[in-house]
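All remarks here apply to the structure that follows.
Since the structure is predicted, the reported quantities are computational estimates derived from the model, not experimental observations. Any value given below was found using the heavy atoms of this structure, including those in side chains, with hydrogens, waters and symmetry copies removed.
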Amino acid sequence: MCDLVLARPGAASRAEAHWDANLPLGIGYLAAAARAAGFRVAVVDGRASRHSSIDETVASIIRHRPRVLGISALTVEFSRSAEIARRVKDTSPSTVTVLGGAHANALPADSLHECPGFDYVVAGEAERSLVELLRAVANCTLPTSITGLHQRNDCGGIDCHAPPRYDTDMATLPLPAWDLFPRSAVYPMMTERGCPYNCVFCSRNMSKRVRSRPIGHVMEEVHWLVRDFQAREIHIEDETFGLHADATGQLLEALAEFNHDGRVCFKAQTRADRMTPRFARQLRAAGFRYVEIGVESGDEAVLAAAEKGIDLAEIEASIRTLKEAGIKTWANFIIGLPGETRESVKRSTALAVRLNPHRLSVAIIVAYPGSEIFRWAQAG
């Protein structure tokens with residue numbers, strides 16, 4: 001029997017399967033935190049294991065006989081996660097089921113109302129909260145005062161004893177438990193959590209409060225990924241890499257020294273208004289081969305309505321600066337932002353042609369829970 005199984009559902013389509021190689025950083029941290037606290041942990045990653053059905057994921061979970069099952073879900077995965085929880089409860093009623101992840105962060109009470117298969121929802125950063133819940137289950141006591149924990153009450157409502165936590169000391173986080181996952185050539189990592197910007201399409205899953213890791217802590221992880229997992233690519237998953245120019249510069253100098261032979265390819269995403277020639281040169285010296293820029297639109301009015309806080313001149317300058325430094329560019333656009341018209345879409349198309357990025361992503365706007373657009377949709 002396992003004290004904890006952490007799971008995520010497999011892809012539901014070929015489009016989703018494109019991202020199967022992306023390991024789940026959140027689950028990696030949670031598994032490491034629970035194991036560090038002395039619990040027996042297993043991971044069932046339907047994506048990384050390329051499960052073809054919910055049945056396959058459920059069977060893998062049941063084989064571990066979990067005391068607690070934690071499922072992490074994006075909004076697009078919520079219905080599959082709910083079905084997995086229901087089937088596990090049907091087979092093993094004593095298993096405690098918990099939902100976490102982006103959807104739970106945005107809609108914790110609604111998630112419990114909509115899915116009787118989940119006993120609890122944990123919103124916010126869950127490394128400590130999950131360990132507290134595991135201790136309560138192990139001691140056969142009712143969990144109380146656990147930060148971010150939502151549970152049903154006898155009146156049919158939802159109780160939350162303490163608000164979600166977004167205050168993790170990043171220096172105390174254990175390194176993700178990647179040994180519990182299938183081996184990969186690509187590993188994710190973060191140098192900080194949170195984003196201070198106000199883009200209306202973003203769910204702000206990590207909150208607006210930015211918390212950074214010490215450079216030594218980051219470099220320890222880089223050395224570990226290359227030494228123990230033979231990582232060939234490391235993707236920095238910060239929402240905006242390079243928020244603090246001085247600290248980022250010091251980190252890039254350390255990465256350049258470590259990666260002097262170019263054995264590792266790094267990738268990150270940042271904002272157009274953070275890019276400077278010096279930043280681009282530092283990125284290139286450290287081994288960054290790709291940098292993503294959130295362009296979103298080629299129309300100034302649409303950019304302003306999206307509260308992106310950048311303009312077209314900054315976008316074009318950032319892509320040009322990256323190319324001049326020898327870094328490949330990945331431009332992300334969104335169609336359907338507030339104020340979008342046929343003419344603004346044409347301007348976005350024209351901008352994409354001018355930018356001529358090495359990779360181009362175009363998404364249709366989705367009112368993700370937690371975003372301003374979601375709140376507008378509910379109010380309208």
Side-chain angles (χ1 to χ4, degrees), residues 26 72-79 99-114 121-126 148 150 158 160 163-168 190 192-211 237-243 269-274 292-315 318 330-345 347-348 351-352 361-380:
S72 179
L74 301 171
T75 296
V76 296
E77 299 167 327
F78 175 67
S79 61
L99 176 70
H103 190 81
N105 288 349
L107 299 173
D110 289 349
S111 297
L112 272 183
H113 277 306
E114 294 171 14
V121 166
V122 177
E125 294 174 331
H150 292 68
I158 305 296
C160 178
R165 172 183 285 135
Y166 294 99
D167 61 355
T168 300
M190 297 187 82
E192 62 190 16
R193 286 180 179 176
C195 180
Y197 296 101
N198 298 309
C199 306
V200 299
F201 50 83
C202 180
S203 62
R204 298 178 179 85
N205 187 46
M206 293 288 185
S207 86
K208 294 186 69 173
R209 181 185 176 192
V210 178
R211 288 136 295 140
E237 302 293 343
D238 299 8
E239 294 182 76
T240 303
F241 184 62
L243 277 177
Q269 61 182 357
T270 192
R271 287 170 53 93
D273 58 1
R274 307 308 300 169
E292 289 187 54
I293 297 289
V295 175
E296 323 312 354
S297 176
D299 185 279
E300 294 281 17
V302 172
L303 281 175
E307 299 185 31
K308 180 74 179 180
I310 59 173
D311 58 35
L312 294 180
E314 289 171 319
I315 291 169
S318 69
W330 187 341
N332 297 315
F333 284 77
I334 299 175
I335 301 297
L337 288 164
E340 191 83 275
T341 64
R342 287 180 180 272
E343 291 306 312
S344 64
V345 172
R347 283 189 275 275
S348 291
L351 176 61
S361 294
V362 181
I364 305 299
I365 188 66
V366 175
Y368 283 115
S371 68
E372 285 299 314
I373 288 180
F374 180 78
R375 284 184 275 274
W376 295 344
Q378 284 186 308

Flag side-chain contact, heavy atom, 4.5 Å: I315 against L303: yes
From R209 atom CZ to R193 atom CZ, the distance as rounded to the nearest 0.5 Å: 12.0 Å
P369 side chain near F374 side chain, heavy-atom distance below 4.5 Å: yes
Closest non-hydrogen atom pair, A367 against S371: C-OG, 4.1 Å
For I158 against H113, the heavy-atom pair lying closest together: CG1-NE2, 3.5 Å
R204 vs N198 side-chain heavy atoms within contact, under 4.5 Å: yes
Side chain to side chain, Y197 and C202, heavy atoms closer than 4.5 Å: no
Between CD on residue E372 and CD on residue E307, distance to nearest 0.5 Å: 7.0 Å
T270 (side chain) donor-acceptor with F241 (main chain) under 3.5 angstrom: yes
N205 side, atom CG; N105 side, atom CG - distance, nearest 0.5 Å: 4.5 Å
Taking every non-hydrogen atom, the tightest pair across L243 and E192: CD1-OE2, 3.3 Å
Atom OH of Y166 with >12 non-hydrogen neighbours under 6.0 angstrom: yes
Residue pair E125, R211: steps toward the side chain to side chain contact (heavy atoms under 4.5 Å, CB included) verdict: CA-CA 12 Å; E125 294 174 331; R211 288 136 295 140; 2.2 Å; yes
Euclidean distance, L351 CG relative to L312 CG, rounded to 0.5 Å: 6.0 Å
Student check: side-chain heavy atoms of Y368 and L74 closer than 4.5 Å: no
Main-chain N/O of I335 paired with E340 side-chain donor or acceptor, under 3.5 Å: no
Side-chain heavy-atom pair I293, N332 within 4.5 angstrom cut-off: no
Closest non-hydrogen atom pair between P338 and A305, with its separation: O-CB, 3.7 Å
Straight-line distance of R271 CZ to S318 OG, nearest 0.5 Å: 10.5 Å
Distance in Å, L337 CG paired with I364 CD1, rounded so as to fall on 0.5 Å steps: 10.0 Å
Minimum heavy-atom distance between H103 and T75, given as atom pair plus value: ND1-OG1, 3.0 Å
For the student: nearest non-hydrogen atoms of W376 and V200, plus distance: CH2-CG1, 3.7 Å
Pair E314 + K308: basic N to acidic O under 4.0 Å: no
